[in-house]
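The structure appears right after this line, and notes come after that.
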Amino acid sequence: MDTILSTIQQLLSGLKFTLGIFILTLLFSIPLGLLIARGRMAKNRLVSTLVRVYISIMRGTPLMLQLLLVYFAPYYVFKINLRDLAVGSLDYRFVATIIGFTLNYAAYFAEIFRGGIQSMPQGQYEAAQVLGFSKSQTYFRIILPQVVKRVLPSVTNEVITLVKDTSLAQVLSVTEMFTAAKNLASSQVSVMPFIAAGVFYYVMNGVIEILMNRAEKKMNYYS
Amino acid sequence: MNVLEMKGIHKSFGDLKVLKGIDLSVAKGEVVAVIGPSGGGKSTLLRCATTLETIDKGSIEIGGMSLCSTVGEKAEYCGKKELAEIRGKFGLVFQNFNLFPHFSVRRNITEALIHVHGKSREEADQVCDDLLLKMGMPDKADAYPCNLSGGQQQRVSIARALATNPEIIFFDEPTSALDPELTAGVLRVIRELAEENMTMVIVTHEMSFARDVADTIVFMDGGVIVEEGPAAAVINNPSNERTKAFLAGY
């Protein structure tokens, strides 16, 4: 009984980091993704090419490798020691994790948003233009709300993947839930911690599915 | 004074010359119907007048303001501020409505009034209610475009174009996307606007409607105005061979 309780306790303390990575990554990568999507569609060829290369690299290399680079590059390449740097009570390992995840997920989100924005009929822009809406009014009042509806199913996909990807933070020794489960499994010589961790991940994604379904239904008032 | 004054309009898409020197004046209260075969430049002319396309050469004045003029070889457009003001002087009704699907009928009509023209919500709501009554759909303010028939959607888009009290309204084939039985309601609304002396330019394929409603008919083909004159005269008694051939099809 005690083992079960302490297992759950330790998994929960890992869950704090898992949730932290999850929430902070979404918080930063969605706005950044919108920005990158705009850059990708920029008329300026230099900007759009640079952004295209960025997206290509982010999607074409392992997230694990990107995390390691974000963590080690400042010191190995630029001789800047960030490892002792702490943001509040969080050390650079966690900060690097968030930076790495954000840069990676923003690239995926950007492509989803670009697809959504480009699927908008030209007539919506024209109607807004003729009515006198400014560019930013058109974007925020007319285009973006409709894009949200269009991209929601794809965004749900990414969000669910992100929950599971948080386990990659183990390469920077952030003791998120997966690392906690691994440590417990080896100390207890048992697969139970893995199964318990699996249940946690599954429940989290179940909640996300329900919430996103609700959001989709809420936007079904128009077609 | 003319509400719309277009002079020597030239417009090309790449190598394709779509407008080859068009002159069009519309007086206050005048209803002009633009007819002609597809690809003749009617819609492009309308899109140039409504700032959706920029012209290569020529000049456009709307409501006494200069949208663009040509001194040398290329048309020069007015500044941003003037452009915004000019956009408040006209309304455009699209062939396929282009309503905002995520807005209710009310918001479709009031959004620009409130956020572009700085009207209060109460004022805007009043304008909306009056217009919907006029469109014969006073109970549809809270409906969404997807729940309306095509004819109702087009009437909402007419209301949206009228909301800012423009000096002139452009219609780009307002009934072409509608089933035949739905066109009547839209045509009736446009007819009523004509009776109220609304200045209008209507691109249309409805010949009998054009003859009834328009003061002037402009027949366009191959990027030029082939024939222009009083509605009944042009439709019943065209003088140009191309106009005759086109009208024979109706």
Side-chain angles (χ1 to χ4, degrees), chain A residues 30-31 33-34 37-38 41-45 109 112-156 211-223, chain B residues 43 46-47 49-54 62 80-105 107-118 142-148 153 156-157 159-164 166 168-170 172 177:
Chain A
I30 287 178
L34 276 171
R38 298 209 74 169
M41 295 181 288
K43 287 203 185 83
N44 186 321
R45 286 284 288 275
F109 281 132
I112 293 175
F113 297 152
R114 179 174 69 93
I117 291 169
Q118 288 182 337
S119 74
M120 287 294 296
Q122 197 56 33
Q124 292 289 301
Y125 291 95
E126 293 183 348
Q129 183 185 324
V130 169
L131 286 168
F133 289 110
S134 69
K135 281 226 163 76
S136 74
Q137 281 178 324
T138 303
Y139 185 68
F140 287 108
R141 291 180 181 278
I142 312 294
I143 303 301
L144 203 54
Q146 297 185 60
V147 167
V148 169
K149 179 182 163 107
R150 283 166 193 240
V151 302
L152 212 57
S154 315
V155 167
T156 304
L211 290 178
M212 296 303 262
N213 266 331
R214 247 188 235 174
E216 273 185 50
K217 277 217 183 89
K218 226 180 145 182
M219 280 186 275
N220 266 346
Y221 69 89
Y222 75 92
S223 56
Chain B
S43 285
L46 215 61
R47 290 175 62 81
T50 52
T51 74
L52 292 176
E53 301 285 353
T54 53
I62 298 176
K80 254 188 170 172
K81 240 183 95 188
E82 290 81 11
L83 192 61
E85 199 177 328
I86 288 171
R87 283 185 178 140
K89 287 178 179 287
F90 68 82
L92 171 61
V93 175
F94 295 87
Q95 178 174 349
N96 51 0
F97 333 133
N98 287 336
L99 291 173
F100 304 126
H102 59 310
F103 286 170
S104 65
V105 165
R107 250 189 108 178
N108 263 286
I109 295 171
T110 59
E111 191 79 355
L113 269 182
I114 296 170
H115 297 287
V116 177
H117 299 272
D142 297 320
Y144 283 86
C146 60
N147 299 322
L148 301 176
Q153 289 188 49
V156 172
S157 91
R160 182 175 71 173
L162 284 168
T164 53
I168 181 169
I169 297 205
F170 297 92
D172 188 7

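Order of the sequence lines fixes the chain letters, A, B, ..., with proteins taken first and strands second; residue numbering starts at 1 for each chain.
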Side chain from CB out, backbone as N, CA, C, O: work out which of these in [X] comes under 4.5 Å of a heavy atom of chain A, or both, or neither.
X: Glu111(B); result: both
X: Leu113(B); result: neither
X: Arg160(B); result: both
X: Thr164(B); result: neither

Quiz item: Would you find more than 12 non-hydrogen atoms of other residues, nucleotides or ligands less than 6.0 Å from Arg38(A) atom CZ?
Solution: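 Incorrect, the count does not exceed 12.
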
Quiz item: At a heavy-atom separation under 4.5 Å, does Tyr221(A) approach chain B through its side chain, its backbone, both, or neither?
Solution: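 Contact with chain B involves both backbone and side-chain atoms of Tyr221(A).
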
Quiz item: How about residues 135-147 of chain A versus chain B: which residues have heavy atoms under 4.5 Å apart?
Solution: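 Contacts with chain B: Gln137(A), Arg141(A), Ile142(A), Pro145(A), Gln146(A).
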
Quiz item: With chain B, which of Pro121(A), Ala128(A), Ser134(A), Gly123(A) has the greatest number of heavy-atom pairs at distances under 4.5 Å?
Solution: Gly123(A)

Self-check item: Closest approach of Tyr222(A) to Cys146(B) (non-hydrogen atoms, all atoms of both residues)
Solution: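 So the minimum-distance heavy-atom pair works out to CA-SG, 3.7 Å.
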
Self-check item: Val130(A) to Leu52(B) - nearest heavy-atom pair and separation
Solution: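 For Val130(A) versus Leu52(B), the nearest heavy atoms are CG2-CD2, 3.8 Å.
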
Self-check item: Residue pair Arg87(B) / Gln129(A), side-chain heavy-atom distance below 4.5 Å
Solution: yes

Quiz item: So do the side chains of Val116(B) and Leu131(A) get within less than 4.5 Å of each other, counting heavy atoms only?
Solution: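 When only atoms from C-beta onward are counted, Leu131(A) and Val116(B) do not touch, as no gap falls below 4.5 Å.
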
Practice problem: Please work out which of the three classes, parallel, tilted or perpendicular, describes the rings of Phe100(B) and Phe133(A), given edges at 30° and 60°. | Solution: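 Ring orientation of Phe133(A) relative to Phe100(B): perpendicular.
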
Quiz item: Between Ala112(B), Ser157(B), Ala161(B), Gly91(B), which shows the greatest number of heavy-atom pairs under 4.5 Å with chain A?
Solution: Ala112(B)

